[in-house]
Amino acid sequence: MRLSRSFGKTLRDAPADAETASHQYLTRAGFVQQVAAGIYSYMPLGWRSLTKISNIIREEMDRAGAQEISMPVVQPRELWEQSGRADTFQPPLASLKDRRDRNMVIAPTHEETTTFMAAANLESYRDLPFNLYQIQTKFRDEARPRAGLLRVREFEMKDAYSFDKDEEGLDVSFQAMAAAYHRIFSRAGIDVRMVEADSGPIGGKDSNEFVLLAESGEDTIFVCSDENCSYAANAEKAEFKKPAAAPEAPGELEEVHTPDIKTIEGLAEYLDVPVNKTVKAVFYAPESSTGGEIVFVSIRGDLEVNETKLRNAMSGAEPRLATPEEVASAGLVAGSASAIGLDASDGPRSRARITSIVDDSVINSPNLVAGANRTDYHLRNGNYGRDFEGDIVTDIAMAQAGDACPNDCDGHLVEHRGVEVGHIFKLGTGYSESMGATFLDEDGSEKHALMGCYGIGVGRLLAAAIEANHDDKGMVLPGAIAPYEVYLAGLNTNDETVVATAAKFYEDLQSAGVEVLYDDRDEPPGVKFNDADLIGLPLRVVVSARGLRNGEIEMKRRDASEAAMTPLADGVQAVKTALEG
RNA sequence: CGGGGAGUGGCGCAGCUUGGUAGCGCGCUUCGUUCGGGACGAAGAGGCCCCGGGUUCAAAUCCCGGCUCCCCGACCA
């Protein structure tokens with residue numbers, strides 16, 4: 001493609017409100033155009049990159065045995081009522097009515113549609129397994145799109161759905177997709193980590209995210225520092241070893257006066273005990289609650305509550321911090337509360353409205369300082385089991401950098417920021433039950449198919465790749481996803497020999513199967529070099545009067561600081577060699 | 001949804017406090033010169049100043065209402 005004919009122009013200045021590198025460079029290089037908040041058009045260069053990513057994904061999905069299909073973006077709301085997600089999907093389903101007043105939705109994902117398709121064609125265990133995928137537009141009316149293509153409302157997504165007859169089959173399908181994902185990201189030239197993740201409301205037992213490490217990412221992940229240990233997890237999911245306290249004989253419960261002490265740190269200092277010898281109380285309520293229910297969380301003073309883990313402990317109900325009014329009406333004394341004495345069945349602190357959830361850090365820690373449920377008083381020597389109990393005891397603590405790895409190794413957790421570019425789930429039978437995807441098994445019994453689902457955000461992957469690969473001049477695109485392989489610039493546009501030689505070389509490269517963006521514009525060298533750096537193709541080739549005096553052209557890799565001269569006669573081969581290296 | 005910021009030629013901005021001819025840089029058009037890291041000269045084109053209402057002789061500027069976009073947070077299978 002001749003740059004003079006390529007639609008779209010480079011911009012010297014980025015829009016002032018573009019803050020992240022990928023947003024700025026995608027806009028300046030003319031890859032995308034913003035249409036509305038979180039809604040973008042792809043221009044020719046951007047779409048070529050997106051197509052390259054899509055093709056890599058397509059090849060690897062096909063290789064993994066998945067079959068490509070295409071499902072509708074606009075679909076009847078009844079499908080979503082059948083699965084039960086019509087009113088629960090967050091962010092809210094975008095809806096519209098067709099001319100016959102029928103309720104339609106704009107699909108944010110396609111579990112319903114795929115399962116509907118599977119149900120109509122699945123009869124026997126002999127039909128299983130199969131895996132269906134598409135690369136297609138999704139719309140999610142996110143509350144806050146941000147950072148260019150990193151978080152948008154409408155986007156291209158590869159979504160695949162596997163169907164198996166049993167758990168073993170699901171494991172095989174799941175592993176096949178994980179392997180395909182590793183190949184896809186490797187071929188795209190980006191370094192991702194597969195991390196354990198929370199499944200969230202979609203449910204299922206296993207879920208892994210593929211995260212590209214980048215400071216501008218929205219996600220926090222923890223990776224074990226031990227090279228021989230593979231532990232890596234999203235902060236929402238991350239576990240860690242909580243060192244057990246030294247065994248101590250339980251002391252006698254003792255009330256102490258703690259005037260004006262409201263924080264754990266203040267309490268620990270005032271009583272001269274380590275923070276991890278205290279237990280703090282945090283009050284939550286189910287998001288939807290207006291009835292005064294309280295979730296009373298007890299966790300060791302040195303730990304913070306992980307609200308995702310808490311949500312799972314609350315059977316999926318979204319937790320929110322309880323309001324001061326709710327806390328007061330439950331008879332709890334903020335700043336001096338504890339689960340000790342929570343069992344009193346009379347009065348406002350009736351257990352009917354209070355669920356006690358205790359982090360497992362508490363049960364092995366003897367003689368904790370706890371609230372006395374009386375303003376300005378605390379208790380020494382609180383012991384789980386003797387003085388208080390929980391309705392639920394589980395891990396609800398937030399991991400922090402430096403915590404011990406949960407695996408059997410000597411490592412600790414190292415914190416990274418990252419962008420989630422892929423997510424794979426084991427769904428189980430939830431959708432096959434609601435949508436009726438059943439089959440007759442070998443023994444003649446009717447069973448529900450076990451499902452998995454597997455997503456990749458295609459545009460986000462492009463943005464993430466730029467976040468991870470750029471410098472202060474522009475993108476440094478991995479070759480496999482760059483819109484072209486070579487940026488060919490002819491300098492000295494007043495020199496007929498240079499122009500003719502550059503044009504000839506352009507034809508020669510194309511004939512040799514090299515994808516070339518030929519900068520044939522009548523622009524000064526500086527403009528061409530800066531645009532070459534901005535667009536970030538892997539290799540820059542310069543034809544100039546200076547070089548041609550020695551019968552040479554110049555080649556420079558985008559990720560290299562030095563250029564090298566090559567005889568023009570060997571140019572095509574030299575370019576091919578450089579692209580492979 | 002809570003908090004903050006911003007809407008003026010394609011992009012980046014000034015003008016608004018103190019109402020009175022819309023301005024600058026880049027980009028764009030034409031001609032000439034120039035040609036290895038965002039060249040130079042000359043002549044041009046291009047603006048419902050976000051929208052609606054109000055005040056005023058007069059509104060980009062003041063007042064009221066609305067819309068949009070960005071950032072932080074909440075949220076984000």
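Here is how names work: the chains are called A, B, and so on, in the same order as the sequence lines, proteins then strands, and each is numbered from 1. Remember, predicted model here, so these are calculated numbers, not experimental data.
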K.L.:
Rounded to the nearest angstrom, tell me the gap between atom CG in A/Asn234 and atom P in B/rA77.
P.N.:
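The distance from CG of A/Asn234 to P of B/rA77 comes to 11 Å, rounded to the nearest Å.
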K.L.:
When you compare B/rG2 with B/rA45, how far apart are their P atoms, in angstrom units rounded to a whole number?
P.N.:
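Approximately 48 Å lies between the P atom of B/rG2 and that of B/rA45.
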K.L.:
Between C1' on B/rG27 and CG on A/Leu11, what's the gap in Å once rounded to a whole number?
P.N.:
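That distance rounds to 9 Å.
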K.L.:
What distance, rounded to whole Å, do you find between the two P atoms, one in B/rC24 and one in B/rA14?
P.N.:
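Taking atom P in both B/rC24 and B/rA14, they lie 16 Å apart.
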K.L.:
Show each protein N/O and nucleotides 28-36 of chain B N/O combination with a separation under 3.5 Å, one pair to a line.
P.N.:
{"from": "B/rC35", "atom 1": "O2'", "to": "A/Asn492", "atom 2": "ND2", "distance (Å)": "2.4"}
{"from": "B/rG36", "atom 1": "O2'", "to": "A/Arg546", "atom 2": "NH1", "distance (Å)": "3.2"}
{"from": "B/rG36", "atom 1": "N7", "to": "A/Ser544", "atom 2": "OG", "distance (Å)": "3.4"}
{"from": "B/rG36", "atom 1": "O6", "to": "A/Ser544", "atom 2": "OG", "distance (Å)": "2.2"}
{"from": "B/rG36", "atom 1": "N1", "to": "A/Glu554", "atom 2": "OE1", "distance (Å)": "2.9"}
{"from": "B/rG36", "atom 1": "N2", "to": "A/Glu554", "atom 2": "OE1", "distance (Å)": "2.3"}
{"from": "B/rG36", "atom 1": "N2", "to": "A/Glu554", "atom 2": "OE2", "distance (Å)": "3.2"}

K.L.:
Let's see if you can work this out: which of B/rA77, B/rC11, B/rG38 has an atom nearest to the side-chain heavy atoms of A/Val527?
P.N.:
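My answer, after comparing the listed nucleotides, is B/rG38.
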K.L.:
When the C1' atoms of B/rA6 and B/rC16 are considered, how many whole Å apart are they?
P.N.:
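Taking atom C1' in both B/rA6 and B/rC16, they lie 14 Å apart.
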K.L.:
What integer number of Å spans the P atoms of B/rG19 and B/rA59?
P.N.:
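Straight-line distance between the two P atoms is 13 Å.
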K.L.:
Provide the distance between the two C1' atoms, one in B/rU34 and one in B/rC40, to the nearest whole Å.
P.N.:
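7 Å, rounded to whole Å.
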K.L.:
Which base, if any, makes a Watson-Crick or G-U wobble pair with B/rA6, both distances under 3.5 Å?
P.N.:
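Check on B/rA6: paired to B/rU68, both distances under 3.5 Å.
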K.L.:
Would you classify A/Lys556 as touching base, sugar-phosphate or nothing, given that sugar-phosphate means primed atoms plus P, OP1 and OP2, and contacts are heavy atoms under 4.0 Å?
P.N.:
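It contacts nothing in the nucleic acid.
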K.L.:
Go through the steps for A/Glu111 and A/Ser83 under the test side chain to side chain donor-acceptor pair (under 3.5 Å), then give the verdict.
P.N.:
CA-CA 9 Å; A/Glu111 281 81 14; A/Ser83 73; over 6 Å; no
K.L.:
With sequence neighbours excluded, what pairs up with A/His470 under the ring-ring contact (aromatic ring centres under 6.0 Å, His included) test?
P.N.:
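Expected list: none.
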K.L.:
Now, which nucleotide makes the Watson-Crick or G-U wobble pair with B/rG19, with each of the two distances under 3.5 Å?
P.N.:
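B/rG19 is unpaired by these criteria.
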K.L.:
Under the ring pair (Phe, Tyr, Trp, His ring centres under 6.0 Å) definition, can you give me all pairs with a residue in residues 24-44 of chain A, not counting sequence neighbours?
P.N.:
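Of all non-adjacent pairs touching residues 24-44 of chain A, those that pass ring pair (Phe, Tyr, Trp, His ring centres under 6.0 Å) are A/Tyr42-A/Trp47.
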K.L.:
What integer number of Å spans the C1' atoms of B/rG36 and B/rG44?
P.N.:
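Each nucleotide's C1' atom is 31 Å from the other's.
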K.L.:
Holding to ring-ring contact (aromatic ring centres under 6.0 Å, His included), I want the full list of residues that pass it with A/Tyr161, two or more places apart in sequence or in another chain.
P.N.:
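With neighbours one apart ignored, the set is empty.
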K.L.:
What N/O pairs connect the protein and nucleotides 66-71 of chain B at under 3.5 Å? Give each pair on its own line.
P.N.:
{"from": "B/rC69", "atom 1": "OP1", "to": "A/Ala37", "atom 2": "N", "distance (Å)": "3.0"}
{"from": "B/rC69", "atom 1": "O3'", "to": "A/Gln34", "atom 2": "NE2", "distance (Å)": "3.4"}
{"from": "B/rC69", "atom 1": "O2'", "to": "A/Asp17", "atom 2": "OD2", "distance (Å)": "3.3"}
{"from": "B/rC70", "atom 1": "OP1", "to": "A/Gln34", "atom 2": "NE2", "distance (Å)": "2.9"}
{"from": "B/rC71", "atom 1": "OP1", "to": "A/Ala147", "atom 2": "N", "distance (Å)": "3.3"}

K.L.:
From CZ of A/Arg28 over to C1' of B/rG12, roughly how many Å is that when rounded to an integer?
P.N.:
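One finds 12 Å between C1' of B/rG12 and CZ of A/Arg28, rounded.
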K.L.:
Taking B/rA58 as the reference, what is the distance to B/rG20 when you measure between their P atoms (whole Å, please)?
P.N.:
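Roughly 14 Å separates the two P atoms.
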K.L.:
Does B/rC40 pair with anything, Watson-Crick or G-U wobble, both distances under 3.5 Å, and if so, with which nucleotide?
P.N.:
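Partner of B/rC40: B/rG32.
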K.L.:
Quickly work out the A/Ile424 CD1 to B/rA77 C1' distance and round it to whole Å.
P.N.:
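Atom-to-atom, A/Ile424 to B/rA77, this comes out as 15 Å.
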K.L.:
Can you list every pair that meets salt bridge (charged side-chain N to carboxylate O under 4.0 Å, His left out) and has a residue in residues 497-506 of chain A, with sequence neighbours left out?
P.N.:
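Residue pairs with at least one partner in residues 497-506 of chain A: A/Lys504-A/Asp508.
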K.L.:
Between A/Lys528 and A/Lys138, just flag the one whose closest nucleotide in RNA chain B comes earlier from the 5' side.
P.N.:
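Comparing both residues, the 5'-ward one is A/Lys528.
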K.L.:
Taking the side chain of A/Glu142 as its heavy atoms from C-beta onward, which of B/rA77, B/rC76, B/rG25 lies nearest to it?
P.N.:
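Closest nucleotide to the A/Glu142 side chain: B/rC76.
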K.L.:
In whole Å, I'd like the distance from the CD atom of A/Glu209 to the P atom of B/rC76.
P.N.:
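Rounding to the nearest Å, CD of A/Glu209 and P of B/rC76 are 13 Å apart.
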K.L.:
Taking the six-membered ring for Trp and the single ring otherwise, decide whether the centroids of A/Tyr181 and A/Tyr454 are under 6.0 Å apart.
P.N.:
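Between A/Tyr181 and A/Tyr454, the centre distance exceeds or equals 6.0 Å.
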K.L.:
Under the ring-ring contact (aromatic ring centres under 6.0 Å, His included) rule, collect the residues that match up with A/Tyr506, sequence neighbours excluded.
P.N.:
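Partners of A/Tyr506 by the ring-ring contact (aromatic ring centres under 6.0 Å, His included) criterion, ordered by chain and then number, come out as A/Tyr518.
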K.L.:
Write down the distance between CG (A/Asp472) and P (B/rG37), rounded to a whole number of angstrom.
P.N.:
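Value for this atom pair: 17 Å.
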K.L.:
What is the separation between atom CG on A/Asp159 and atom P on B/rA77, rounded to the nearest whole Å?
P.N.:
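Value for this atom pair: 15 Å.
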K.L.:
For A/Glu552, enumerate each residue passing the side chain to side chain contact (heavy atoms under 4.5 Å, CB included) test, keeping only those at least two apart in sequence or located in another chain.
P.N.:
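Counting only residues at least two positions away or on another chain, A/Glu552 forms a side chain to side chain contact (heavy atoms under 4.5 Å, CB included) with A/Asn550, A/Met565.
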K.L.:
Is there a donor on the side chain of A/Arg151 or the base of B/rC76 sitting less than 3.5 Å from an acceptor on the other?
P.N.:
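Yes, a donor-acceptor pair under 3.5 Å.
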K.L.:
Can a salt bridge be assigned to the pair A/Asp471 and A/Lys473 using a cut-off of 4.0 Å between side-chain N and carboxylate O?
P.N.:
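No, A/Asp471 and A/Lys473 are not salt-bridged.
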K.L.:
Tell me which nucleotide, if any, is Watson-Crick or G-U wobble paired with B/rG73 when both distances must be under 3.5 Å.
P.N.:
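Base partner found: B/rC1.
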K.L.:
Give me the distance, rounded to whole Å, that separates B/rA39 from B/rC49 when you measure between the P atoms they each carry.
P.N.:
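That atom pair is separated by 34 Å.
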K.L.:
Suppose we screen for ring-ring contact (aromatic ring centres under 6.0 Å, His included). Which residues come up paired with A/Phe139, at least two apart in sequence or across chains?
P.N.:
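Counting only residues at least two positions away or on another chain, A/Phe139 forms no ring-ring contact (aromatic ring centres under 6.0 Å, His included).
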K.L.:
Looking at A/Asp359 and A/Ile396, would you say the former's side chain and the latter's main chain have a donor-acceptor pair under 3.5 Å?
P.N.:
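It does hold such a pair.
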K.L.:
Where the side chain of A/Asn530 is concerned, which of B/rC75, B/rC11, B/rG38 is the nearest nucleotide?
P.N.:
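So the nucleotide nearest the side chain must be B/rG38.
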K.L.:
Quick one: A/Leu534 CG to B/rG37 C1', roughly how many Å, whole number?
P.N.:
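Whole-Å distance recorded here is 14 Å.
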